Amino acid sequence: MNAFIVLKFGGTSVSTRARWANIAAVARERLREGPVLIVVSALSGMTDRLKALAEAPTEPTSIEIIRQRHLAMANELQVSPECLNPIWSEFDRALEELQRQPGPSAQAALLACGELLSSALGAAFLNREGLATTWRDARQYLCSQAAEHDSEWARFLSAQCVPTLQASVASQWAEESPLSITQGFIARGARGGTVVLGRGGSDTSASYFGALLGASRVEIWTDVPGMFSANPKQVPNARLLRELDYDEAQEIATTGAKVLHPRAINPVREARVPLWIKDTERPELAGTVIGPEVATQRLSVKAVSMRAGITLVSMESIGMWQQVGFLADVFERFKRHGLSVDLISSAETNVTVSLDPSENLLDQRTLTALCEDLAQVCRVKVIAPCVAITLVGRGMRAMMHRLSEVLADIGARRVQLISQSSNNLNLTFVIDASDADGIVERLHRQLVKAGLIGAPGDAVFGPPWNVLLDKAPPPRAQWWRAQREALLALAASTPAYVYAASRIDAAIASVLSIGADRSFYAIKANAHPAVLARIAAGGIGMECVSLGELEHLRAALPELPPERILFTPNFAPRAEYAAALQRGVHVTVDSLYPLQAWPELFAGRAILLRFDLGRGVGHHDKVKTGGGRSKFGLLASEAMLARTAAAAAGATIVGLHAHLGSGETDPNHWRDVYAQLASLAEQFPSVRILDLGGGMGVPYANDDDDLDIDELRASLAHVRTLFAPYEIWIEPGRYLVADGGVLLTRVTQVRRKGDITQVGVDTGMHHLLRPALYDAWHPISNLTRSEEQPAVLCDVVGPICESSDVLGRDRWLANPCEGDVLLIANAGAYGAVMSSHYNLRAPALEVFSDAL
Amino acid sequence: MRSEIVAKAEVLRFLAPSYVDGVLSLPYQFDDCEPLIERIVFPGAPAVLPERAAAFDSAVSLLQTIAGVSYYKALLPPRIDLAPLSAARAALLTDVYVQGLGEFAVANGIDLRGYVAFDGSAPCPAATDLGLARRTLVPIGGGKDSIVTLEALHTRGEPVAATYVGSSDLIAACARQSGAPVLNIGRHIAPGLFELNRRGAYNGHIPVTAINSAILVCAALLYGYDGIAFSNEASASSANLTRDGQPINHQWSKGWDFERAFAQVVRSEVAADLAYYSYLRQLSELAVAQRFAALDRYHAHFSSCNRNFKILGPRPESRWCGECPKCHFVFLALAPFMTKPALLAIFGRNYLDDLALAPAFDALLEWGAHKPFECVGEGRESRAALAALAERADWREDALIQRYRRDIAPYIGRVDIEPLLQPIGEHGIPARVF
């Protein structure tokens, strides 16, 4: 006899005829492999209705609604409602019991009717469809086991079973009919009667039956395509987990993912029955397979998740050291208040635990009462609100050295507790909730970059969620793909930066549409004279950070009037301020020192002040220019001092400026800066300009976010209405030039080293420093072989004697050969301007093309 | 300390106001300059009922004179060109321009007493009963106080409307949460005033509550409301400090003196059946906090922070800056009446566990410094609240509470909370909602 296959279908999967037809189809297919057991939940929403009815058992409307729903379902399935009669009797008896002796026992009896009814309907339907099906009462086969201190509630409404293999049952069932159907969620009580398994119970029932029947596998059919490396709602490109072992699945299910109930894993783990997660909408997808062990394993992090609402209780006792029974005394008090403990961390005189976030602490005095009791034996402190960030992956300890970016990100916050699970699967950090904004997406991105999640070639990871569901953004249109011939012609001499005029024009139009009163282009991003001329012709001013840049600007654009130039130096020498002020350009001062030490320079001048608003934004620590020890900007607390110093020097403060970093794609960022500056401006009545800086991010990789310019415009227009009117200035840099520039380079050598193909090119960190300095990612493509499939996994490396001279790791390229021209995209910003003569290698050419 | 007032204009004139299509225009003129016109926009453009025309004129003139304080303070002319008023109205306006600009005067190092005066020699006009509809306007600011008033009146069966002047996403959200009808009145300060400020006019705090009160009196006549219920508490009447014998109260127009005088002028010169009062007048901040603690459906939506940049966001940090005295005080005032997790869920973090905030809380306790110039409760309220938390096992070990127990409590007297929760003092609450 072949082994059973257990199929579980949840509420939405059993609530329409079409869905039942689905179930029939799946069953038919599985029957080819062996006998099948179908486990079903109640009709969708029914369990909640029954719960509500249990609170008010005499409500005739509720009762009627429940009856009608099932009658209607019977009609839809075209089966006789008589199949439900025996269960209506149970239903009525349960209602009577609830009125006579309300309590968990009677509640359980009522709740169980949901599954009894749906399975009865299912049995009738399947038989009608020509699939001989036997209806089985789960209570005959699953018996709960109560622990001695279990409450009544736990005994009847959150029961647990410990099923053992019963081969005789399996063979008897298979003999009677290849297809059986039974109820999830319910079981027989240890002392008789009906019990239910608690939330998510149907998954658990399926596992119980899997163990009992010695099934070849248990398939959980649900409404997501499997388990993912993060919650797809927070991380749309989270990767599908194709394979997991039981322990990993258990950790992931417990620490965040709501796909599978944690209790459902243990029964199949004991019996070594594989568990599949399948999507009812997309049965063709492979889903997630959870089994004893995963075949070939690279070190990887399977998931990163976050649980909010964590409360820590820190207990301190000098006497704890070597005091017998201290921990027992402490935990006894937790038990007394019915609180269960999640994470534990201990020290010489301290033990800190986290409370299960599902405990409802908000409106009950439970926590206060616990603390009063604990105070009898130790000093106690409640730390909240916190969140717990968990990384799950087999061999976690061996991955620590690759987590440096992750650890840096987390370490920048106040970490309240770190726990590394004893089974080497799980690393958990507990941090303040106020620090947790966007952290899961960031960590996921860092782990992908570190090659720990979804490394190319790691078969354990499937496609990203948004690709699976066709919600992925279309591959970004790359303008240079359509310009292959022209670009190759320009690549006669490499390496060469090429700047496309039309792309810069498009970016100019986009910037102008934001609705700022004035824009100034930060020439530090790209100072090529033709680029400057194009941007100036488009109506945008220029922003410089040094005397050198000012002079370069004068040479390139001699006609540009001074009021279209903005000078914002940082720690520049006195002479530079003097020169800039003399030329009559706008000047921003970002510290008290110039005003206090050189007041004579500023007499009679109008200046702007740059403030540090206390937090930096950006894709890398090195591009954040706000917060902590940042060298840019005055502190808000220095406002009055600045005002006094300016007045003493005879200068007028006409504007306030803040620029917090780079690569920001949240359109609300500039609105927030406006609001903060406008509030600060209340202390500066002479201010009429608010300079919101730049930092407008551009996407480099396909799944990087775009900055939504329309939203940015709208949010700025709105925030203006909330405050007194000011002139808005912005300072885009990268945004205007990044996309329009590409770096063309030739392949010099190709070789295979171990697993990887290394492709040498004639450019490197001496031309494009971003990958080495910021770990930046630029798209790289083989322009010569643009029609061929990128089928070779490569590292693209430069000729500089530095191990960091790697332009791109793990890139798919079309068979690279010596002489091929590779194109490195998004190189228009912070490319040529950061080049050097390191290793005495010559600089790259720069070509501005009107034609592109 | 006290310096000469350098007048930057000779005279301030109040030109004839007009009301057309819901827009009330209030023109002000310095000397012979271009008039500065402030506009108040009443949604739905309600027309003035003929039988209320005289009353409306009186209300508009009251508003124009009170709102003139924003313009007056910019240039401080020695003369105000205005026809004589009744004695009561003249006294009220003098107080608005002197007491109401108390903090402004301190900030600019000047003294307005005796500098500003209004002619009170005209006879007092007699106001009549206008048959206003029996319902109450409740101005809301997005903070806890007005929510307590709104809910209390609602519970007593009083028909209410939530109203606010100007734009604020936060207030709009709170109003929505209440489920009451919302009346949002627009106010557009004359653009020329910003220009004056940039060119170096005097600047500082003005008694906004007085202006809003006068706006709402006009609204009550236009839309038909017989009650305006503000939410100013007992502590609003107490001074921050005394200078040359004059108590300077940053919140003077939220205090009892203004309320009483203004209500009297409204009743006797505008509409006899229009009640203006503060519903929370007898209550301390703690008493209001206690009532608010029970209204949990607002907890995730309100904010009393003055620096929350008026921007709404889903996270607590976007509603509570965590750095201003208001944030700290409201946190402290609510703590004794809520579970710790619920309180922390409102603010997103635990201020009392942050040693960097020690100076801020010391100021609230009036331990070594005077009360910060913001609308926070009295020092003894903060002391009582901290003392209460110091007794609680779930708060006792937090950094600032530990410090309080160790460094402060031994040196100050014991302050109990209970007495501070009792209603005290005078009030103007009408019997039907008391």
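Since we're looking at a predicted model, the values are computed, not measured. Letters go in sequence order (proteins before strands), and every chain restarts at 1.
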**Study point:** Under 4.5 Å from a heavy atom of chain A, the part of B/R396 involved
**Key:**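 It is the side chain, since no backbone atom gets that close.
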Point to revise | Under 4.5 Å from a heavy atom of chain A, the part of B/N203 involved | key: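 B/N203 touches chain A through side-chain heavy atoms alone.
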Check your understanding: Roughly how far apart are A/T652 OG1 and B/R199 CZ, rounded to 0.5 Å?
Key ->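 Taking OG1 in A/T652 and CZ in B/R199, the distance rounds to 13.0 Å.
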Point to revise | Residue among A/L374, A/T368, A/V380 satisfying side-chain contact (heavy atoms from CB on, under 4.5 Å) with B/D394 | key: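 With B/D394 as partner, A/L374, A/T368, A/V380 yield a single side-chain contact (heavy atoms from CB on, under 4.5 Å), made by A/T368.
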Check your understanding: Is there a side-chain contact between B/Q402 and A/K381 (heavy atoms, below 4.5 Å)?
Key ->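 No, too far: nothing below the 4.5 Å cut-off.
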Point to revise | A/L722 and B/D169, any side-chain heavy atoms less than 4.5 Å apart | key: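 The answer is yes, as the side chains (C-beta and beyond) meet within the 4.5 Å cut-off.
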**Study point:** Closest contact, heavy atoms only, A/S434 versus B/G348
**Key:**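 Between these two residues, the closest heavy atoms are CB-O, 3.7 Å.
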Point to revise | Engaged part of A/V687 at the chain B interface, taking heavy atoms whose separation is under 4.5 Å | key: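 It is the backbone, since no side chain atom gets that close.
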Exercise for review: Between chain B and each of A/D437, A/L370, A/T721, A/D435, count heavy-atom pairs under 4.5 Å; write down the option with the most.
Suggested key: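 Among A/D437, A/L370, A/T721, A/D435, the one with the most close pairs to chain B is A/D437.
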**Study point:** Residue, of A/C386, A/P385, A/A375, A/A678, that accumulates the most heavy atom pairs under 4.5 Å with chain B
**Key:**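 Result: the option with the highest number of such pairs is A/P385.
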Exercise for review: Output the option from B/K340, B/R392, B/R349 having the highest count of non-hydrogen pairs under 4.5 Å with chain A.
Suggested key: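 The option with the most such pairs is B/K340.
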